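What you see is a predicted model; the values in this text were computed from it and never measured. All residue numbers refer to positions in the sequence shown, counting from 1.
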Amino acid sequence: MGHTATAQAGSGGLTATEHRLANGLRVVLSEDHLTPVAAVCLWYDVGSRHEVKGRTGLAHLFEHLMFQGSAQVAGNGHFELVQGAGGSLNGTTSFERTNYFETMPTHQLELALWLEADRMGSLLAALDEESMENQRDVVKNERRQRYDNVPYGTAFERLTALSYPEGHPYHHTPIGSMADLDAATLDDARAFFRTNYAPNNAVLSVVGDIDPERTLAWIEKYFGSIPSHDGKQPPRDGSLPDVIGEELREEIHEEVPARALMAAYRLPHDGTRECDAADLALTVLGGGESSRLHNRLVRRDRTAVAAGFGLLRLAGAPSLGWLDVKTSGGVEVPQIEAAVDEELARLAAEGPTAEEMERAQAQLEREWLDRLGTVAGRADELCRFAVLFGDPQLALSAVDRVLDITADEVRAVAAARLRPDNRAVLVYEPLTAEDTAEAADQDDTDDQEGADQ
């Protein structure tokens, strides 16, 4: 086992040590003896950006399959064993990674490590057509509940498709399409696992009330014999011009409770100073009730019931600034859009005030420290910086980098990126009573034609 330890680093005296097994598994440990719990987090370097056309959604589908049993743990046993030991667990999929995590009482840490190793090393022993069909249906139902059958549910998918051109690795969202989910075969799933769920494609972090030597011994015992795999191809290039070059626009008429203006702006890659400046710019504009857009649209003009602007950080492609405004009463979207553009132009011209800068930095600092302050949040951040940027230690100094950004850098990124020719826009218009009646008439006509046949 290779071993790299670091001196005192980062925020609040937090430290982390790095290790590597002979099979390539990277391990990051961080001691925290404040509470008798330990977090286990495992990031696999595979997300929807690694998928190919016709097989979208496979990364997310496999996240579900990882809870369907392995060689030593049948069926729902992973959940049952962790929860029976007083722990909690879950998994998530994004464009850039798939992660699995448990928070356990300290004396149950070995159980969590054994469970993660068992499914990394032996999931294929339990993967069959029955589990494949079961989880395919679960994912399709999740898509219905989160995307297809809720107000504004398709906004993320639509804006992503507009923001990243056809053929771009981020053009589709992790949920995948119904057609591709139906097309996925058991052989597809097996090949996906062999390629991506190997120790040399993963980072394991353990944070909390741990004995590092004993923890490393357990990791070597359970993960050390799992073979590496060298067949993975790198993700396709996600680079794009800094600015889209035109406004892309789509209007949707659906059963939604209010008109809405949503937009995605192309912003700098995560891991850069410019991305941190963009995060501060969006916080000034739309980060909470003290933000400019909330004060202008909700409090002063009363043209909106909600106004937010947040950052979707992405490392392998331009990040997205995410604007979301829900109108009040009969307010028309052009009125909202004009006010938004005024506020964006004002920030680009004048920059944030000293008070706004202090408040935005304090807000982001609190959010970072909240994540680092819990064992689960710190474990996740250590994995994130290891997988996406090659250095888990960067997680411990992220707060300092945000606090080092200047007001002029915030103004500059706003001027360069928060422009009408650098956004994809969605306008939601509620269906009118007349629209609903026409749709009902069309349904009746379709039913009658079917009966006549």
Side-chain angles (χ1 to χ4, degrees), residues 40-52 54-84 87-103 112 114-150 153-154 156-157 160 172-198 201-204 232 376 380 383 387:
V40 173
C41 186
L42 190 59
W43 271 47
Y44 291 93
D45 185 13
V46 58
S48 58
R49 68 170 172 167
H50 297 87
E51 297 166 347
V52 297
R55 289 297 182 269
T56 66
L58 199 54
H60 180 225
L61 175 60
F62 219 94
E63 174 214 318
H64 286 257
L65 290 172
M66 284 284 277
F67 290 98
Q68 281 291 285
S70 49
Q72 310 300 323
V73 183
N76 202 41
H78 196 113
F79 275 101
E80 293 168 357
L81 287 167
V82 170
Q83 292 172 341
S88 60
L89 72 162
N90 214 330
T92 66
T93 310
S94 76
F95 290 101
E96 301 181 323
R97 60 96 183 105
T98 309
N99 69 340
Y100 303 89
F101 45 93
E102 295 89 5
T103 300
W114 174 76
L115 285 167
E116 288 294 358
D118 193 58
R119 60 182 176 182
M120 178 191 282
S122 68
L123 184 106
L124 290 185
L127 183 59
D128 56 21
E129 289 287 359
E130 182 180 357
S131 59
M132 182 82 171
E133 289 306 315
N134 177 285
Q135 291 308 302
R136 191 200 313 268
D137 289 342
V138 169
V139 172
K140 288 168 68 175
N141 196 47
E142 181 181 340
R143 181 186 168 86
R144 295 184 189 101
Q145 291 178 338
R146 293 175 51 199
Y147 284 75
D148 298 336
N149 297 328
V150 293
T154 59
F156 181 58
E157 194 170 44
T160 299
H172 68 279
T173 58
I175 194 70
S177 72
M178 286 293 197
D180 286 357
L181 288 169
D182 283 334
T185 68
L186 185 59
D187 285 343
D188 290 332
R190 286 172 172 157
F192 189 88
F193 178 83
R194 291 190 188 99
T195 300
N196 297 293
Y197 281 77
N201 196 48
V203 173
L204 171 67
K232 182 188 173 186
D380 192 58
C383 279
V387 169

**Study point:** side chain to side chain contact (heavy atoms under 4.5 Å, CB included) assessment of N196 paired with K232
**Key:** CA-CA 7 Å; N196 297 293; K232 182 188 173 186; 3.9 Å; yes

Point to revise | Residues F156, T173; criterion side chain to side chain contact (heavy atoms under 4.5 Å, CB included); working and verdict | key: CA-CA 8 Å; F156 181 58; T173 58; 3.6 Å; yes

Practice item. Take R136 and E129, measure what salt bridge (Lys or Arg N to Asp or Glu O under 4.0 Å) needs, and give me the verdict at the end. Key: CA-CA 10 Å; R136 191 200 313 268; E129 289 287 359; 5.3 Å; no

Check your understanding: Would Q145 and N141 count as a side chain to side chain contact (heavy atoms under 4.5 Å, CB included) if you check the C-alpha gap in whole Å, the side-chain angles of each, and the deciding distance to 0.1 Å?
Key -> CA-CA 6 Å; Q145 291 178 338; N141 196 47; 3.4 Å; yes

**Study point:** Worked verdict on L61 versus M132 for side chain to side chain contact (heavy atoms under 4.5 Å, CB included)
**Key:** CA-CA 9 Å; L61 175 60; M132 182 82 171; 4.0 Å; yes

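Residues C41 and C383 come closest through the heavy atom pair O-SG, 3.5 Å. Nearest heavy-atom pair, A112 versus V40, reported as atom, atom and distance to 0.1 Å: CB-CG2, 4.0 Å. Summarising the geometry of A126 relative to S131, their closest heavy-atom pair is O-OG, 4.0 Å, with the distance given to 0.1 Å. Minimum interatomic distance between L58 and A184 (heavy atoms only, all atoms of both residues): CD1-CB, 4.1 Å. Considering all non-hydrogen atoms of both residues, A183 and G54 come closest at CB-O, 4.4 Å. Smallest separation of non-hydrogen atoms from A189 and L65: CB-CD1, 4.3 Å.
Using a 4.5 Å heavy-atom cutoff, the side chains of N99 and D380 are in contact. The closest side-chain heavy-atom distance from L124 to R194 is below 4.5 Å. For the pair W114/Q72, a side-chain contact is recorded, criterion being any heavy-atom separation below 4.5 Å from C-beta on. Here the side chains of F62 and L123 are in contact, with some heavy-atom distance below 4.5 Å. In this structure the side chain of L89 never reaches within 4.5 angstrom of the side chain of F101, judged on heavy atoms. No side-chain heavy atom of Q68 sits less than 4.5 Å from a side-chain heavy atom of L127. Put simply, the side chain of Y197 reaches to within 4.5 Å of the side chain of T98, judged on heavy atoms.
The aromatic rings of H64 and H60 sit perpendicular to each other, their planes meeting at more than 60°, with 30° as the lower class boundary. The aromatic rings of F67 and Y100 are tilted relative to each other, their planes meeting at an angle between 30° and 60°.
The only option from R119, M120, M66 that meets the side chain to side chain contact (heavy atoms under 4.5 Å, CB included) definition with L42 turns out to be M120.
At least one test fails for R190 against the ring of F193: distance under 6.0 Å to the centre or angle within 45° of the axis.
Note that CG of L186 and CD of E133 are 9.0 Å apart. Values are rounded to the nearest 0.5 Å. With rounding to the nearest 0.5 angstrom, the CD1 atom of I175 is 8.5 Å from the CD atom of E157.
When the salt bridge (charged side-chain N to carboxylate O under 4.0 Å, His left out) test is applied to D188, the partners found at least two apart in sequence or on another chain are R55. E51 pairs by the salt bridge (charged side-chain N to carboxylate O under 4.0 Å, His left out) definition with nothing, not counting sequence neighbours.
A donor-acceptor contact closer than 3.5 angstrom links the side chains of T93 and E63.
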Tell me which donor-acceptor pairs under 3.5 Å the side chains of residues 73-84 have, and how far apart each pair is, sequence neighbours excluded?
from : atom 1 : to   : atom 2 : distance (Å)
H78  : NE2    : E102 : OE2    : 3.0

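Ion pairing between a basic and an acidic side chain is recognised when a charged N comes within 4.0 Å of a carboxylate O; D182 and K140 show such pairing. With salt bridges taken as basic N to acidic carboxylate O contacts below 4.0 Å, none links D45 and R97.
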